[in-house]
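A quick write-up on the structure given underneath.
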Amino acid sequence: MYCTKKITDDLFWVGGNDRRLAMFEGVYSVPDGVSYNSYILLDEAAVLFDTVDKAVCKVFLENIACTLGGRKLDYLVVQHMEPDHSESLGAVLTLHPETTVVCNAKIAALIKQFFDIDIAGRSLIVEEGSTLNTGKHELMFLSAPMVHWPEVMITYDKTDKILFSADAFGTFGALNGAIFADEVDFDRDYMDEARRYYANIVGKYGPQVQAMLKKIASVEISMLCPLHGFVWRVNIDGFIEKYQKWSTYTPEETGVMIAYASVYGNTANAAEILACRLRDKGVKTAVYDVSVASASSIIAAAFRWSHFVFASTTYNAGIFISMDELLRDLAAHNIQNRTVAFIENGSWAATSGDLMRKIIAPLKNMTLIDATVRLKSALKDSQSPEIDLLVSEILARMVHK
Ligand code: FEO
């Protein structure tokens with residue numbers, strides 16, 4: 001039995017949902033699952049856009065068969081070779097020996113690397129701006145390197161103004177029967193997962209995302225069809241505006257993300273007190289225990305908020321391990337344009353404050369607040385003015401509260 005969704009009169013979603021996957025790419029938890037999107041265009045020629053992860057290959061092949069209804073599959077457009085979109089490529093090409101693979105040269109090379117599949121003689125290698133006429137539709141292929149791998153290309157259907165955007169504009173989370181973002185309360189229920197997806201998957205590649213956004217700015221877009229999550233047909237500009245912010249490392253909101261690493265609760269207490277005092281001044285706050293919250297959710301929050309406070313105990317003469325990992329992960333994602341302060345704890349030979357500062361200082365356009373609040377085991381009443389000073393230092397560096 002098939003499970004497809006109609007996108008337009010001649011375009012169909014034929015992907016699959018995986019709600020059993022614990023860690024996407026082996027590193028990002030996906031408690032609400034993930035969707036692997038694939039689309040079939042039924043024009044004079046039938047065109048399949050990308051395949052799916054092996055986890056949903058069976059339902060995917062059923063969906064294709066049902067949608068084709070006995071027709072031949074003329075083209076398979078391969079936009080991205082990461083295995084979550086290419087693992088079922090062999091199965092499709094075996095079932096459909098008539099199919100021509102449409103891809104760029106880098107994708108063709110990766111097909112050879114990943115699989116023992118010879119597409120010579122059944123491939124159409126496209127270049128930047130190449131077009132393919134499928135009958136009523138004219139497809140144009142554009143490169144989008146590093147969104148999210150170097151080979152990535154995106155496809156613009158000039159006829160219906162639909163952009164097949166590969167990983168761009170994706171969202172974590174399985175589709176729950178809906179296919180369009182406007183069928184759900186996206187801002188309330190899915191924006192956090194869209195941000196977590198963006199920040200962790202392509203957050204490092206802001207300039208490359210910017211390059212893609214510039215390319216697509218010159219065309220009218222009626223629909224975005226990404227490889228994960230919902231299809232967009234309403235408020236497309238609003239979602240693109242989020243990508244503008246994220247890819248230029250511009251905070252979405254003024255507020256303070258406080259992330260702490262605490263062994264016995266004393267560092268946590270200092271973080272809580274700081275959060276309370278910031279709130280008393282009307283400042284938005286989000287507090288994370290880095291030993292419990294996933295790094296991917298804190299990295300997503302970092303793309304949202306304008307100011308950070310990192311609080312860590314000293315451990316093995318360094319930063320507490322989960323904080324150390326988080327800060328290096330954040331640095332690897334190229335986070336920039338933020339104001340940052342630190343709280344250090346150490347019962348003896350404290351080092352965490354200066355070491356945290358060393359990781360953050362080289363990042364681009366970071367304003368580091370000079371004074372580190374230093375705890376010796378626990379925050380004392382006598383240090384209350386130090387917390388107040390930190391609050392005022394943060395407030396002084398806020399454009400809007
Ligand atoms: Fe969804 Fe880069 O693969």
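Whatever order the structure lists them in is the order used to number ligands and atoms, beginning at 1.
None of the N, O or S atoms belonging to His80 lies under 2.8 Å away from atom 1 (Fe) of ligand 1. Residue Asp84: no N/O/S atom is found under 2.8 Å from atom 2 (Fe) of ligand 1. For Glu82, every N, O or S atom stays at 2.8 Å or more from atom 1 (Fe) of ligand 1. Among the backbone and side-chain atoms of His148, an N/O/S atom is found under 2.8 Å from atom 2 (Fe) of ligand 1.
Screening Asp289, Ile343, Leu274 for a side chain to side chain contact (heavy atoms under 4.5 Å, CB included) involving Ile258 leaves a single residue, Leu274.
Taking the charged nitrogens against the carboxylate oxygens, Arg304 and Glu252 have no contact shorter than 4.0 Å, which rules out a salt bridge.
Counting heavy atoms of neighbouring residues, nucleotides and ligands inside a 6.0 Å radius, atom CZ of Phe180 exceeds 12 of them.
Between Phe239 and Phe186, the gap from one ring centroid to the other is short of 6.0 Å.
Angle NE2(His85) to atom 1 (Fe) of ligand 1 to NE2(His228), rounded to 10°: 90°.
Distances from atom 1 (Fe) of ligand 1 to the N/O/S atoms of Asp167 are shortest for OD1.
Between the CG atom of Leu68 and the CG atom of Asn63 there is a distance of 10.5 Å, given to the nearest 0.5 Å.
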